[in-house]
Amino acid sequence: MRHFAKSAALGALALAAASPSALAQTLQATLFKSGFSQPVYLCSPPGDTTRQFVVEQGGKIRIIKNGTTLTTNFLNLGSAAGGGLGKISTGSERGLLGLAFHPNYAQNGYFYVNYTAATSGATVIARYQVSPTNADVASTTELVLLTIAQPFSNHNGGCIQFGLDGKLYIATGDGGSANDPNNAAQNTSSLLGKMLRLDINLPAPYIPADNPYVGAGAPLDEIWHIGLRNPFRFSFDRSTGDMYIGDVGQNAVEEIDFAPAGGSGRNYGWRCMEGNTSTGLSGCTPNSPALTAPLRDYTQASGGHCSAIGGYVYRGSTVCGLQGTYFYGDYCSSAIWSLRYVNGQVSSFTVRTTELEPAGTPTINSISSFGEDASGELYILDYSDGEIYRIDPAGGALDCNTNGVADGCDLQNGTSLDCNSNGIPDECDIAGGLPDCNANGRPDSCDIASGAPDVNGNGIPDSCECQGGTPPSTYCTAKMNSQFCVPAIGYQGTPSLSSAGPFRITATNLLNNKQGLVFYGFAQAAAPFQGGTLCVQGPVKRTPAANTGGSTTGNNCTGTFNYDFKALMTSGSDPLLQIVGQPVNAQIWSRDPADTYTTNLTDAVRFQICQ
């Protein structure tokens, strides 16, 4: 970067080209971990979803494992006085700047670092290996792959990445000072101001045969692209292999450069071009067709910006709808943007600064890098505050069914359904206690809302209560008795021929110690009868009489009735009661001596005999 010591100059983001995003997904920055010293990078070994490795400029690589920052460093290249190996020089733009894990890290344990050497200030690309006895600690044995002399202390680049081709890519700055005084970026006899490419599976000097300048003499064989000023952070789209480069500008323009997967030999124009603007400096022909223009540039004056921080194309599963979206930012202004770049066209450009600013404190002050974990989730590193934030959907990332995909994404892509529109996948509602009596993967309430019958309104689909029939429900009007009580019919259980439990027809508010019985038939009615309503259509059948019980003295409404209709069904005395689907209507009649007709009638219950 240009100057790590710069304070964040937050200004209004007034990019004229900004347009509302075509994507409705709202985001938040969730504080993931804090307590780091000048963090400049975060990544994970391929396939390692439990750990994130954090690079501190002072020389330490630290591990966050299952959400906890380990107290023991993975590797410390910092000062010997601080317990390190004394490998690096720090200050300004120097230090430990890059980390990349070998694609086969799980098998060979190799990882690579980019640092400025303690004695010379040169850029060093070196290989280390994990300890054979402790996966959270590295061996201190070093193999240097490449050393590049640096004429000045700034513009060291620093990022290293493995492409999908398995090759190691190295971004180098132009050597420093200002305006590239040695014209290094355009000089193909210099490794400065370039994108380099090595095959670390070959013997030294690790030159791939398909590098664009392979051959005797200049240009140098390691070169993949030229014309870069200070590409502090670059990345590959893990899905397509396309390369995105954040190249820090001089005093006017910041830029994001692009190269398609496999594309080599590009010239991004520095020092004669700064973004899409001619600098007036020599070295190349401004706006020449031989130059590759940035996919996006922005002026420093447009919002207190100073250093483009290249990010990543999102390929995670937590934020649905944003796969294929590239995120990047600016160190000084802490601005964050996103866009899509497809077939040479930028779309869905979105200013993300406000929505990704954490509510309250802490805040994001100086973006030194974005990070990507093994699952493709993205992080924002705050250099000055030592904090790491994860980019999440607004409200946080929930994965109730633990399938590795955020609930919102499951719902959006149709993997899960949300029948009651509560934002929770149906299978999680069911696991949390919502009934699913028919095991169709939908809560019963949704089945009913979609039209499944529930004639008795008890929230259970009829098909579950009484397979092959309609479960019980009440209807009709009861007759008030001489004690001014209105009797009420009820039921317990289901009229099932196969279930073990009883099916009881009950009544309350009956006169005490009187005789009662059940009228039943096979259709409903509402006919005047003995001063009340006969709710059962004839021919009416009767069960044996029984006493209503209740208080042993006086006349009151403490009487009840409880008849096991299931016993009648299974007895065989009425063959119609053994037919699945047979409708039945029942009403309780009881004696009331003080009534004109000496009788009382409840309301009625209707049901179907079920399996």
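The structure displayed is predicted, hence computed values, not measured ones.
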- request: Give a yes-or-no answer on whether the side chains of Asp429 and Asn420 include a donor-acceptor pair shorter than 3.5 Å.
  value: yes

Spatial distance of atom CG (Leu510) from atom SG (Cys557) [nearest 0.5 Å]: 8.5 Å

message: Any non-hydrogen side-chain atom of Val40 less than 4.5 Å from a side-chain atom of Leu381?
response: no

task: Decide if atom NZ of Lys60 counts as having more than 12 heavy atoms of other residues, nucleotides or ligands within a radius under 6.0 Å.
output: no

message: With heavy-atom distances below 4.5 Å as the criterion, would you say the side chains of Phe522 and Val584 are in contact?
response: yes

message: Between Thr240 and Asp242, do the side chains contain a donor N or O and an acceptor N or O under 3.5 Å apart?
response: yes

task: Without swapping roles, check the side chain of Arg238 against the backbone of Ala374 for a donor-acceptor pair under 3.5 Å.
output: yes

- prompt: Between Phe162 and Phe236, is the gap from one ring center to the other below 6.0 Å?
  reply: no

message: Could you tell me if the side chain of Leu31 sits less than 4.5 Å from the side chain of Pro362, heavy atoms only?
response: yes

field: Interatomic spacing from CG in Asn481 to OG in Ser590 - rounded to 0.5 Å
entry: 7.5 Å

- prompt: Would Asp595 and Lys479 satisfy salt bridge (charged side-chain N to carboxylate O under 4.0 Å, His left out), going step by step from the backbone distance to the final call?
  reply: CA-CA 11 Å; Asp595 177 73; Lys479 174 184 176 183; 2.9 Å; yes

- prompt: Can you find a pair of side-chain heavy atoms, one from Glu357 and one from Thr363, that are under 4.5 Å apart?
  reply: yes

- prompt: Any luck finding a side-chain donor-acceptor pair between Asp410 and Asn401 under 3.5 Å?
  reply: yes

query: Does a donor on one side chain sit under 3.5 Å from an acceptor on the other, for Arg591 and Gln515?
result: no

message: Looking only at the side chains, is there a donor atom on one of Asn365 and Asp385 sitting less than 3.5 Å from an acceptor on the other?
response: yes

Residues Asp592 and Ser482: side-chain donor-acceptor under 3.5 angstrom: yes

query: Roughly how far apart are Lys514 NZ and Thr598 OG1, rounded to 0.5 Å?
result: 11.5 Å

query: Just by modelled atom types, is the Gln107 backbone N or O under 3.5 Å from a matching donor or acceptor in the Asn104 side chain?
result: no

field: Donor-acceptor pair between Arg62 and Thr69 side chains, under 3.5 angstrom
entry: no

message: Show the nearest heavy-atom pair for residues Leu27 and Val319, with the distance to one decimal.
response: CD2-CG1, 3.3 Å

message: Under 6.0 Å between ring centres: does that hold for Phe53 and Phe74?
response: yes

message: We want to know whether Arg352 and Ser338 form a side-chain donor-acceptor pair, criterion being a heavy-atom distance below 3.5 angstrom.
response: yes

Note, Ile367 side chain near Tyr383 side chain (heavy atom, < 4.5 Å): no

query: Can Arg315 and Glu372 be said to form a salt bridge (charged side-chain N to carboxylate O under 4.0 Å, His left out), step by step?
result: CA-CA 9 Å; Arg315 295 295 180 187; Glu372 182 184 43; over 6 Å; no

query: Hey, does the Lys NZ or Arg CZ of Arg504 hover above the aromatic six-ring of Tyr491, less than 6.0 Å from the centre and inside 45° of the axis?
result: no

Under 3.5 Å donor-acceptor, Ser551 side chain and Thr558 backbone: no

query: Are Tyr389 and Glu387 close enough that a side-chain donor and a side-chain acceptor fall under 3.5 Å?
result: yes

Worked verdict on Tyr326 versus Tyr328 for ring pair (Phe, Tyr, Trp, His ring centres under 6.0 Å): CA-CA 7 Å; Tyr326 177 69; Tyr328 66 102; 5.7 Å; yes

Heavy-atom check, side chain of Leu339 versus side chain of Thr350, under 4.5 Å: no

field: Ionic contact status for Asp447 with Arg442, cut-off 4.0 Å
entry: yes

Side-chain heavy atoms of Asn73 within contact of Ile61, under 4.5 Å: no

- request: Assess the side chains of Asp48 and Thr50: does a donor N or O sit below 3.5 Å from an acceptor N or O?
  value: yes

- request: For the pair Ser368 (side chain) and Pro39 (backbone), establish whether a donor and an acceptor sit closer than 3.5 Å, ignoring hydrogens and angles.
  value: yes

field: For Thr318, all residues meeting side chain to side chain donor-acceptor pair (under 3.5 Å), sequence neighbours excluded
entry: Glu377

field: Ser131 side chain to Thr133 side chain, donor-acceptor N/O pair below 3.5 angstrom
entry: yes

query: So, Thr30 versus Gln28: side-chain donor-acceptor pair below 3.5 Å or not?
result: yes

task: Looking only at non-hydrogen atoms, find the nearest pair between Leu517 and Thr543 and report the distance.
output: CB-O, 3.5 Å

query: Between Ser37 and Glu56, is any side-chain donor less than 3.5 angstrom from a side-chain acceptor?
result: no

- request: Of all the heavy-atom pairs spanning Cys419 and Pro443, show the shortest one and how long it is.
  value: SG-CD, 3.6 Å

Spacing of CD1 belonging to Ile391 relative to OH belonging to Tyr312, to within rounding of 0.5 Å: 11.5 Å

Within-4.5 Å side-chain heavy-atom neighbours: Phe370 and Arg233: no

message: Determine whether Tyr110 and Tyr105 satisfy the following criterion, ring pair (Phe, Tyr, Trp, His ring centres under 6.0 Å), listing intermediate values before the conclusion.
response: CA-CA 6 Å; Tyr110 291 147; Tyr105 177 79; 8.9 Å; no

message: Testing the 3.5 Å rule here: is there a donor-acceptor pair between the side chains of Asp237 and Ser239?
response: no

- prompt: What do you reckon, are the aromatic ring centroids of Phe607 and Phe565 less than 6.0 Å apart?
  reply: yes

- request: Could you tell me whether a side-chain N or O of Thr49 sits under 3.5 Å from a main-chain N or O of Ser375, the two making a donor and an acceptor?
  value: no

- prompt: How long is the gap from SG on Cys535 to CZ on Arg606, to the nearest 0.5 Å?
  reply: 10.0 Å

message: I'd like to know if Asp574 pairs up with Lys541 as an ion pair, taking the criterion as any Lys NZ or Arg NE/NH1/NH2 lying under 4.0 Å from an Asp or Glu carboxylate oxygen.
response: yes

query: Are the charged groups of Lys566 and Asp564 less than 4.0 angstrom apart, N to O?
result: no

query: CD1/Ile256 to OH/Tyr244 distance, rounded to the nearest 0.5 angstrom?
result: 10.5 Å

- prompt: Between Asp418 and Gly423, is there a donor-acceptor pair closer than 3.5 Å when you use the side chain of the first and the backbone of the second?
  reply: yes

